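Source: prediction; values computed, not measured. The chain is numbered in sequence order, starting from 1.
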Amino acid sequence: MTRCHAGGRGHDLGKGISGGGVGGQRPEGGAYGGDLGPFGAEKLRRLQASLTQIEDLHGRMARLLEAVLAISSELELNAALRTIVEVSADLVDARYGALGVLNDEGEFADLFTYGVSEDVYEAIGRLPTSHGLLQELMARPRPLRVDDVLAHPGFREYPPGHPVMRTLLGTPILVRGTVYGNLYFADKRSGLPFTGDDERIVAALASAAGVAIENARLYERIRRNTEEFQRSLLPSLPDLNGLWACARYLPSSTVPRIGGDWYDAIVLPDGVPCLMVGDVMGHDLRSATVMSQISNMLRVLAYEHCEPPSRILRRLDEILHALHGGPMATVLLARLEEYGGTDWRLRWATAGHLPPLLLPVDGPARYLRAEGGHPLGVTPDLPRPDHEQIIPAGSTLLLYTDGLVEDPAHGLDRGMESLVRTASRLRHLPLEEMCELLLVHRGDGFTDDVALLALRLGEPADLHPG
C-alpha cells in the first residue's frame, strides 16, 4: 500500500501524477492528457483534491499543536482564554468567535470575543444571556453544528445591533463532567458550513480552555485558603491606651500566598504599649509556622519582662536556638512611653530589621536609622543596642516589613525613597485611608508579603481625659 504524507511525499506524489508518471514510468496508453479520457481526468482531479485536503489538514494540525503549547505556557487565565478564541477562529476560518466563562450559578461571568467591535458591545451589552441556541448548548453539553441558524427551532431573535450570523459551531468547555463555559463560532469566511474537522479542532481547544479555567480556579482557591490561614495567625489590635493604631497584612502576589511576616501590639503590665513587627526568612508554610512560634514567644517574653527591648530580643534568640536551632528572622521591638506630658518616647531595638519611619505633623519625614543589630538565628551572644527618640504629639509612626519597600527590579534604596515620598504626601489623611494607599503605592503586584503597623500619637492628656 502506498502511504502519502501531506507535509512531505504528498507533494512528490502529486507532481508525479501530473507529469511523468509515478516513479518516473509512463503508464501504458500514452502520455497523460487527452489519453486519460474523461474518467481518468476526473480521478486525477479527485486525487489532487484529496492531496490538497490532506496538506491543509496537516497544516491545521500543526497550528493546533502550536496553539495548545502556547496556551499551556500562559500563566494568566485571561491571556490564555483570549489566545484560545483567537487561534480557534483562525483555524476554522470563522468570522466571529466567542468564549464564555460561566460562574457557579451557570450564568456568564466573562466573555472573550473575536471579530466583534466595541460598538456591538455598547449596543447589546457585553455578556450574553443563556437562551436560544446558547441555552441548548448549555442544557445538552455536546458539540453543536448549525448550517442555518435562522431556521433552527432553538433560534431567538438577535438583539438590536447584533450582527446577523448564518452558521454556528459551538462546543461546551467541559472537564470531568463540570461545564465551565462554551466556545462558539459563526460564519466561515469562505461562506461554507462548518465541518467535522472544524468541530474536532474546536473541541480540542475547548478541552485546553477547560483545563486552563480549572487550574486558575484551583490556583485561586489555594491563594484564598492560604491567605485566610495567614491572617488567622495575626492578632487583632488591642486598645493601646487611646493611641490610634492601624495594621495591615498583604500577601505576595504569587502562590503560596503565605509567609513569615507579622505585626503585633500589646499593652504591658506597666501600661506601656509594646509594638512588634517581624519577618521570618522564607516564603512557605514552614515560614508561617515559625513566624507563629516566634511572635507568640516574643509576646510572652515582652509581657513577663518589662525590660529594655534589646534584652528581650536576646532572651528570644537564646530560646529559639535552644528549642528550634535558631531560625533566621528580623524583628523590631519597641516601647512607646509618655514623655513630658505632651510628647512620647520611643525606645526600640532591632534584630536586623528595617528602621521605623517617622512622619511629624510638619517638617520632613525621616527614617529613624540606628545600628540595626544582627538578625535572630545568627548567635544570641552578640549585643544589640537600644535606641531612643522623642516623638512630638500628632506624629505618625510606621513599622513595616521589607515587602513594602523592596522590589527585585529596583532595589531597597529606591523603594525606601518611594515610601518616604508617598507617606509624606498622605500623612494628613485618616490613618486607615493612609494605610490602604500605602499598600498600593507601588502597584498591585508584590513579590513578598507586607506587614504594616501604623500609629498616630496625640497628646497624652487628650488621650486620657479626666
Side-chain angles (χ1 to χ4, degrees), residues 233-235 237-241 243 245 247 260-281 287 289-340 343-358 367-391 397-402 451-455 457 460:
L233 299 177
L234 298 171
L237 294 183
D239 180 4
L240 298 176
N241 287 341
L243 289 174
D261 294 39
W262 91 91
Y263 60 80
D264 199 359
I266 61 174
V267 178
L268 301 175
D270 58 4
V272 172
C274 180
L275 316 172
M276 295 162 259
V277 65
D279 184 2
V280 174
M281 182 176 294
S287 300
T289 303
V290 173
M291 174 271 287
S292 179
Q293 293 170 343
I294 293 178
S295 61
N296 285 330
M297 280 190 240
L298 183 57
R299 170 181 275 226
V300 171
L301 288 171
Y303 192 87
E304 287 290 326
H305 306 280
C306 293
E307 297 178 342
S310 63
R311 295 184 187 176
I312 296 172
L313 290 180
R314 180 188 178 101
R315 183 59 182 146
L316 174 65
D317 210 356
E318 290 172 346
I319 295 174
L320 289 173
H321 271 83
L323 296 181
H324 302 286
M328 295 288 291
T330 66
V331 179
L332 187 148
L333 177 66
R335 291 168 54 93
L336 197 55
E337 306 165 353
E338 297 180 12
Y339 180 80
D343 296 328
W344 300 84
R345 178 171 63 182
L346 181 71
R347 301 179 66 193
W348 81 98
T350 78
H353 203 80
L354 294 169
L357 176 57
L358 176 61
Y367 289 105
L368 302 180
R369 298 185 183 273
E371 184 180 346
H374 54 284
L376 300 178
V378 176
T379 174
D381 298 328
L382 294 175
R384 292 187 182 90
D386 286 290
H387 311 285
E388 290 189 8
Q389 175 69 43
I390 304 304
I391 300 179
L397 186 67
L398 299 182
L399 309 180
Y400 53 92
T401 58
D402 57 2
L452 172 64
L453 179 60
L455 296 104
L457 290 62

Shortest non-hydrogen contact from [X] to [Y]?
{"X": "E388", "Y": "R345", "result": "OE1-CD, 3.5 Å"}
{"X": "I294", "Y": "A329", "result": "CD1-CB, 4.0 Å"}
{"X": "R384", "Y": "P375", "result": "NH2-O, 3.4 Å"}
{"X": "P383", "Y": "H374", "result": "O-CE1, 4.0 Å"}
{"X": "A349", "Y": "P385", "result": "CB-O, 3.5 Å"}
{"X": "G377", "Y": "D317", "result": "N-OD1, 3.1 Å"}

request  = Decide yes or no on side chain to side chain contact (heavy atoms under 4.5 Å, CB included) for R299 and D264, but give the supporting numbers first.
outcome  = CA-CA 8 Å; R299 170 181 275 226; D264 199 359; 2.8 Å; yes
inquiry  = Please evaluate residues T330 and D279 with respect to the criterion side chain to side chain donor-acceptor pair (under 3.5 Å), reporting the C-alpha separation (whole Å), side-chain torsions for both, the decisive distance (0.1 Å), and the verdict.
reply    = CA-CA 5 Å; T330 66; D279 184 2; 5.0 Å; no
Euclidean distance, [Y] [atom2] relative to [X] [atom1], rounded to 0.5 Å:
{"X": "H305", "Y": "R311", "atom1": "NE2", "atom2": "CZ", "answer": "12.0 Å"}
{"X": "I391", "Y": "D343", "atom1": "CD1", "atom2": "CG", "answer": "9.5 Å"}
{"X": "M297", "Y": "L320", "atom1": "CE", "atom2": "CG", "answer": "4.5 Å"}
{"X": "L332", "Y": "L275", "atom1": "CG", "atom2": "CG", "answer": "8.5 Å"}
{"X": "L333", "Y": "R347", "atom1": "CG", "atom2": "CZ", "answer": "11.0 Å"}
{"X": "C274", "Y": "L298", "atom1": "SG", "atom2": "CG", "answer": "7.0 Å"}

Heavy-atom donor-acceptor pair, H353 side chain to G373 backbone, under 3.5 Å =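 Between the backbone of G373 and the side chain of H353 there is no qualifying donor-acceptor contact (under 3.5 Å).
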inquiry  = With a 3.5 Å distance limit and no angle check, can you tell me whether Y400 reaches the backbone of P355 through a side-chain donor-acceptor pair?
reply    = yes
Could you tell me whether the side chain of [Y] reaches within less than 4.5 Å of the side chain of [X], counting heavy atoms only?
{"X": "R314", "Y": "L382", "value": "no"}
{"X": "L336", "Y": "L457", "value": "yes"}
{"X": "L346", "Y": "Y339", "value": "no"}
{"X": "R335", "Y": "D270", "value": "yes"}
{"X": "W348", "Y": "L368", "value": "yes"}
{"X": "Y263", "Y": "T401", "value": "no"}
{"X": "Q293", "Y": "L323", "value": "no"}
{"X": "L453", "Y": "L237", "value": "yes"}

ask   = Counting only heavy atoms not in Y303, do more than 12 fall under 6.0 Å of its OH?
value =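 For Y303, atom OH is not crowded (no more than 12 foreign heavy atoms under 6.0 Å).
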